[in-house]
Amino acid sequence: MNTPLAQRIATLRAEIEKHNYQYYVLDNPLIPDAEFDKLFRELQQLEAQHPELATPYSPTLRVGGKPLDAFQPVRHAVPMLSIRTETDISDGGALAFDARVRRELGLGENDAPIEYACELKFDGLAINLRYERGVLVEAATRGDGETGEDVTQNVRTIHQIPLHLQGCAAPVLEVRGEVYMGRRDFERYNERQRAQSLPTLVNPRNGAAGSIRQLDPALAARRPLSFFAYGLGEVRGWTLPATHSAVLDALDKMGVPVSGERAVVRGAQGLVEFHRRIAAKRDRLPFDIDGVVYKVNSLALQEQLGFVTREPRWAVAHKFPAEEQMTVVRGIDIQVGRTGKLTPVAKLEPVFVGGTTVSNATLHNEDETRRKDVRVGDTVIVRRAGDVIPEVVGVVLGPSIHQGERKEAGRFDLFKWLHGKCPVCGSAIVREEGEADWRCTGGLFCPAQRMQSLLHFASRRAMDIEGLGYKLVEQLVERHIVGTPADLYDKHKLNLQTLAGLERMGEKSAQNLLDAIEHSKHPTLARFIYALGIRNVGEATAKDLARHFGKLENLMGADEARLQRVPDVGPVVAQSIVAFFREKHNVAVIKELLDEKRGGVRPKEHEGEAAEELPLAGKTFVLTGTLSMARDDAKAALEALGAKVAGSVSKKTDYVVAGAEAGSKLDKARELGVPVLDEQGLMELLKGNGVT
Ligand code: IVH
C-alpha cells in the first residue's frame, strides 16, 4: 500500500528510528525529547486508528507488548558456542594462547606473527538477533547453545538494538552479541528501588539476564539495557569480509552498536599490551567487563583452526581479577554522611576484589541490610566495580546456616544498634515515613555534617557570606577554628590572626571575609530559616514559615498541628521542623547566633506583633483576572496584612479575588466553594484594615 497515510507512517517510523539511533547509540540527540515524543505519539495514534498498517518492527513496540506465559524454544541455525577461558590472569595467559594457535597452524619461530582482533569480554547475556531482509524478526538467548528461548518482545524494548539494518537487505543476517546493563543505569535503578524500599538487583549481569527473561515486556522495558555486537550467526546472501574486525566494522555501519574499545594487533606482545591497556582503564569503563577476548582476525585461518568440542580454537577469553569475592563480616558500623544520612557499613576481613583490597562495604540502608539478612560472622559476597563504593551483594548461606534458623530476633535494627543516637554527635536519629534512611537530627552541631551545614549557611540564597567557599570552610573545620555557624561570628575564633594562618588567605581577603560576615548579620527571617538547613525546608517553605510566624521564636515553639496550618506545609515537613528544634544542640547554636554579645545576628522580624496576629495572617489569596491596580501592588498590600498570595486555587485557598475576565481559577474556586471577592470587595477589605 502506498497511500499518503502509509507513507506518513513509514516516514515516522524511519524518523523515530533515526533519532533512537542518534540518542541511544551515538549519544548525540538531534532533536529535543519533546519533539521526539510528538513524533512518537503521532505514530502511536495512526497505528491505533489503522491496525491494518501495523508491523512487527514498528518503534512503538519498544515500549513492551502483552505479557507471555512462557518463552518459545528457538533452534539456532548455527550453534552458539562458548569460548575457552584463560585462567592465568597474568601476561602468561596471552602468551599461552598465541603459542597454541601457532602450533595448531604449524607455524615455526621464523614465521610472521599472527594478526588478532582484540575486544572486551562483556559481562551480560549472549543474544542472537536474526535479521531477514534487514528487518529484526527474532531474538533468542543462547540456551544450551543448540536451542535458546524466543525473547523478541523484550529485546525490542532495547533502544540500542536496530529494528532495521541500515543498507543491508540480505535474506538472512544473524548478529550475535551481549545484552548488558551499564553501571550508571544499574546504580540508578537500584537507587530508585532502594528509595522505595523495593528489591534491588544483585549486579548488572543479573539485571540484564533477569530483564531479558522477564515474561512481562512492559517490566523489561523499565530496565535500562544496552547491547554490543561481537560476531555473526547464520548468514545468507551477504558476502563475508576477510577478517573479523571488518565484520564488526560492517555491523557498525549498519547501525548495530559495536564497542570502540577494540584493536587489531600482531603477535603475543600485541595481546599482552591490549590486556594491560584495558586493565588500566577497566574502572573507567561505563560497564562491567570480566576480561578481554582475543580472536584470530582472519576468517580463513579461523576456519582452518576449527573447534574442539564446543569451543573454537581461534578465540580465548583472558580474564581480569574478579569484581566479586567472598569474605567474612567482622562487624557492622554506621557512618554519618554529610547530610546526616546514616549508612550501615560492613567491616570485612580484607579481601582483594576488583583490583584493590577492600575492608569496608556499604549495606546501603536498614531495609537492604534486613533483606540481605547480613549479620556479623556471615560469609558474604562483596562487589567492587568501577569507581562505585564496594557493596555487600548478599550472604552465602552454607550448609550450617539455613534461612529458617535465622530468627527474627537477629534482624538488623538500626535504631537499637545505635541506641537511638547519632554515633558521631549523640543527637537523636529519625527515620521519616516513606523514607529509606535514618538521619541524625544534629544538623548544625554534628561534626560529620559541619562542612555541609556551614556551606549551606553561607550560601548566596541563605546568609550570603561572600568568599566563604569550600576550600576555606574545609580548612576552618579541619583546624577546629569553626564548628558551628555561630562560631563564624565569634571574634575570639574567627579574626585576622586566625585567618592569616590559612592557605591562600592574604590580609586583604581575610578582612573582606570578616566584612562579609559582619554584613550578613541582618538577613530576612526567611533567609535565616532557610540558612538553618532544616531538612525538607527549602527557600519557598522558609518564606512561608517566616510570613506565617513572623518571629523565629513562634516558629520554634510550634507543634506539628500548628505547622500544618501553614500553606504547603504537610506532615513530612512539619515533622522535620519539629525534630530539628527538638534537638537541643540546634537550639543552642541558634541561641548563640542570636545572642547580642556573641553572634549578634538579628533577622528582620515583623515589629511589634507576630505575623500570626496580623489581620490576614494564615489566609491564602489567589488573584485572577484583570484588576485596575497592578497585580504586584495588590499582592504587596495583602502580604503586608500577613496574607499569603498563591498562584493556584486549592482547598487551602481562603479567598479568590476575581477581576475582569477571570477564567479557570474562578471556575475552580466555585467548584471548591472558595469565597470569591470582586475588586470592590478587595478594596473594602484593604481599607477596613487601614490600607489605602
Ligand atoms: S565470542 C565462538 N566475544 O562470553 C565465540 N563472546 O563463552 C563466541 N562474550 O556468553 C563468543 N564478550 O556472550 C565473544 N567479545 C566477545 C564476548 C563474548 C562476552 C560472552 C558470550 C558468551 C561467553 C563466551
Side-chain angles (χ1 to χ4, degrees), residues 76-87 93-94 97 100-101 104 116-129 139-149 151 155 158 160-161 174-182 203-209 211-213 225-235 240 243-249 251-252 256-265 271 274-275 278 282 285-299 301-320 322-323:
H76 298 300
V78 174
M80 287 182 82
L81 303 175
S82 62
I83 204 169
R84 176 175 164 143
T85 300
E86 195 54 69
T87 44
F97 172 62
R100 257 196 333 269
V101 170
E104 291 290 341
Y116 293 106
C118 301
E119 47 200 58
L120 306 180
K121 183 159 192 307
F122 311 108
D123 203 6
L125 183 74
I127 289 286
N128 184 67
L129 306 173
T141 60
R142 176 164 174 267
D144 63 5
E146 300 287 337
T147 306
E149 289 177 316
V151 289
V155 165
I158 303 172
Q160 285 193 350
I161 293 183
E174 287 188 352
V175 177
R176 287 181 178 173
E178 198 90 345
V179 166
Y180 67 94
M181 188 178 274
N203 55 34
R205 177 170 18 90
N206 287 22
S211 313
I212 286 297
R213 301 208 62 262
L225 299 184
S226 305
F227 178 81
F228 278 133
Y230 53 62
L232 297 174
E234 189 186 10
V235 176
L240 285 173
T243 60
H244 177 75
S245 55
V247 168
L248 296 190
D249 292 341
L251 291 177
D252 185 31
V256 178
V258 175
S259 168
E261 294 294 346
R262 57 195 174 101
V264 175
V265 304
L271 301 179
F274 185 79
H275 189 257
I278 299 299
R282 181 191 192 187
L285 293 174
F287 44 83
D288 279 6
I289 55 171
D290 56 357
V292 292
V293 175
Y294 311 134
K295 295 171 182 171
V296 171
N297 202 22
S298 154
L299 298 191
L301 285 185
Q302 284 189 5
E303 193 155 357
Q304 198 181 323
L305 284 159
F307 304 87
V308 240
T309 56
R310 314 211 49 77
E311 293 169 354
R313 287 198 192 85
W314 45 264
V316 78
H318 194 187
K319 293 261 193 166
F320 289 141
E323 287 181 323

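Computed over heavy atoms, backbone and side chain alike; hydrogens, waters and symmetry mates excluded. Each ligand, and each atom within it, is numbered from 1 in the order the structure gives. Position 1 is the first residue of the sequence; numbering continues from there.
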Tell me: protein heavy atom nearest atom 8 (C) of ligand 1, and distance? L81 O, 3.9 Å
Which residue supplies the protein heavy atom nearest to atom 23 (C) of ligand 1, what is that atom called, and how far is it? K121 NZ, 4.1 Å
Heavy-atom check, side chain of F227 versus side chain of E178, under 4.5 Å: no
If only atom types and distance count, is the side chain of Q302 paired as donor or acceptor with the main-chain N or O of V296 below 3.5 Å? yes
Test of understanding: given a 4.0 Å heavy-atom threshold, classify the contact between L120 and ligand 1 as side chain, backbone, both, or neither. backbone
Using a 4.0 Å cutoff against the non-hydrogen atoms of E119, which atoms of ligand 1 qualify? 3 (N), 15 (N), 16 (C)
Are F228 and Y180 an aromatic pair, judged by ring center distance below 6.0 Å? yes
Which residue owns the protein heavy atom closest to atom 12 (N) of ligand 1, what's the atom, and how far is it? F122 N, 3.1 Å
Residue and atom name of the nearest protein heavy atom (relative to atom 10 (O) of ligand 1), distance in Å to one decimal: A126 CB, 4.0 Å
For I83, which part has a heavy atom under 4.0 Å from ligand 1: side chain, backbone, both, or neither? both
Taking 4.0 Å as the limit for heavy-atom contacts, which would you say applies to E178 with ligand 1: side chain only, backbone only, both, or neither? side chain
Begin with the C-alpha distance, continue with both residues' side-chain angles, and end with the deciding distance and a verdict on side chain to side chain contact (heavy atoms under 4.5 Å, CB included) for K121 and V292. CA-CA 5 Å; K121 183 159 192 307; V292 292; 5.8 Å; no
Please report the closest heavy-atom contact between V256 and A229, naming both atoms and the distance. CG1-CB, 3.6 Å
Quick one: look up the protein heavy atom nearest atom 18 (C) of ligand 1 and list residue, atom name and how far away it is. Y230 CE2, 3.5 Å
Under 3.5 Å donor-acceptor, T141 side chain and I127 backbone: no
What protein heavy atom sits nearest atom 3 (N) of ligand 1, and how far away is it? K295 NZ, 3.0 Å
Step by step, work out the side-chain hydrogen bond (donor to acceptor under 3.5 Å, both in side chains) result for E119 and H244. CA-CA 11 Å; E119 47 200 58; H244 177 75; 3.1 Å; yes
Consider ligand 1: state whether an atom of it lies below 4.0 angstrom from any non-hydrogen atom of P312. yes
When you compare the side chain of R282 with that of I289, does any pair of heavy atoms fall below 4.5 Å? yes
